[in-house]
Amino acid sequence: PGHNKHSSRVMEEAEQMVTAVLIRNMKGQGWTSLATIGGWFNSPPETQEVKEALQIVKTKHKQLKNFVAASRDVAVREMEGKKGTFEILLAEDYEKQIASLSKQQQK
């Protein structure tokens, strides 16, 4: 078989692995600077497997932050007063925030 960059199955598994690291690090953290996420992959306890997964994801998305921005699991917003600086939040936490805000407005 021809060597296309990576088979879609390999890419899917790599994306899932990278997403799992993101979710684990973001859980309960509130809004987090997009600039800090790279460090999560450089430090133990991440395995060599995770680092390889990150490299695979980068072949498609060029940069980790592009992948994160495209992820359905992550909400992204520009930081107030800091153009081009982004922060991220787990999509499920974001939905909870929105839900609690709309409850407050209904009172």
Side-chain angles (χ1 to χ4, degrees):
H3 285 295
N4 63 346
K5 279 269 174 88
H6 291 283
S7 74
S8 57
R9 195 178 63 83
V10 169
M11 181 60 72
E12 266 170 45
E13 285 174 5
E15 289 183 349
Q16 283 167 0
M17 216 181 274
V18 170
T19 300
V21 173
L22 293 171
I23 290 173
R24 195 169 68 237
N25 281 282
M26 289 169 68
K27 257 205 181 336
Q29 292 299 313
W31 288 96
T32 306
S33 167
L34 189 50
T36 61
I37 57 178
W40 299 342
F41 292 89
N42 298 333
S43 58
E46 298 318 329
T47 60
Q48 191 54 37
E49 215 180 357
V50 166
K51 291 178 179 158
E52 283 164 17
L54 180 59
Q55 293 312 313
I56 293 169
V57 167
K58 281 182 174 174
T59 63
K60 178 177 168 186
H61 295 277
K62 301 284 184 280
Q63 291 183 300
L64 176 59
K65 62 184 181 190
N66 298 343
F67 169 67
V68 173
S71 171
R72 286 192 306 272
D73 296 294
V74 181
V76 182
R77 71 179 181 191
E78 199 166 24
M79 286 172 82
E80 277 175 49
K82 290 194 174 179
K83 211 159 171 43
T85 306
F86 296 92
E87 48 189 2
I88 53 175
L89 181 68
L90 271 185
E92 59 185 64
D93 291 348
Y94 185 58
E95 281 157 23
K96 285 178 203 153
Q97 271 189 10
I98 291 173
S100 66
L101 281 175
S102 60
K103 278 196 194 106
Q104 287 165 5
Q105 284 164 357
Q106 285 162 8
K107 283 176 188 164

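By the rule that hydrophobic residues join a cluster once side-chain heavy atoms approach within less than 4.5 Å of another member, Ile56 and Leu54 end up as members of separate clusters. Under a hydrophobic clustering in which Ile, Leu, Val, Met, Phe, Trp and Tyr are joined whenever their side-chain heavy atoms come within less than 4.5 Å, directly or via other members, Val57 and Phe86 fall into the same cluster.
Annotation: salt bridge (charged side-chain N to carboxylate O under 4.0 Å, His left out) contacts involving residues 64-77, sequence neighbours excluded, comprise Arg77-Glu87.
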Distance-only donor-acceptor hits, side chain of residues 45-53, under 3.5 Å, sequence neighbours excluded:
unit_1: Glu46; atom_1: OE1; unit_2: Arg24; atom_2: NH2; d: 3.1
unit_1: Glu46; atom_1: OE2; unit_2: Arg24; atom_2: NH2; d: 2.4
unit_1: Thr47; atom_1: OG1; unit_2: Glu49; atom_2: N; d: 3.4
unit_1: Thr47; atom_1: OG1; unit_2: Val50; atom_2: N; d: 3.2

Anything under 3.5 Å between a donor and an acceptor, one on a side chain of residues 90-98, the other on a protein residue two or more places apart or in another chain? List them.
unit_1: Glu92; atom_1: OE2; unit_2: Lys27; atom_2: NZ; d: 3.3

Donor-acceptor list for residues 28-37 side chains, cut-off 3.5 Å, not counting sequence neighbours:
unit_1: Thr32; atom_1: OG1; unit_2: Gly30; atom_2: O; d: 3.1
unit_1: Ser33; atom_1: OG; unit_2: Ala35; atom_2: N; d: 3.1
unit_1: Thr36; atom_1: OG1; unit_2: Ser33; atom_2: O; d: 2.8

For this session: Go through Val18 and Leu64 one step at a time and tell me if the side-chain contact (heavy atoms from CB on, under 4.5 Å) criterion holds.
Result: CA-CA 9 Å; Val18 170; Leu64 176 59; 3.9 Å; yes
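Under the salt bridge (charged side-chain N to carboxylate O under 4.0 Å, His left out) criterion, Glu13 pairs with Arg9, sequence neighbours left out. Judged as a ring pair (Phe, Tyr, Trp, His ring centres under 6.0 Å), and not counting sequence neighbours, the contacts of Phe67 are His61.
For the atom pair Gln16 CD and Ile23 CD1, the distance stands at 10.5 Å (nearest 0.5 Å).
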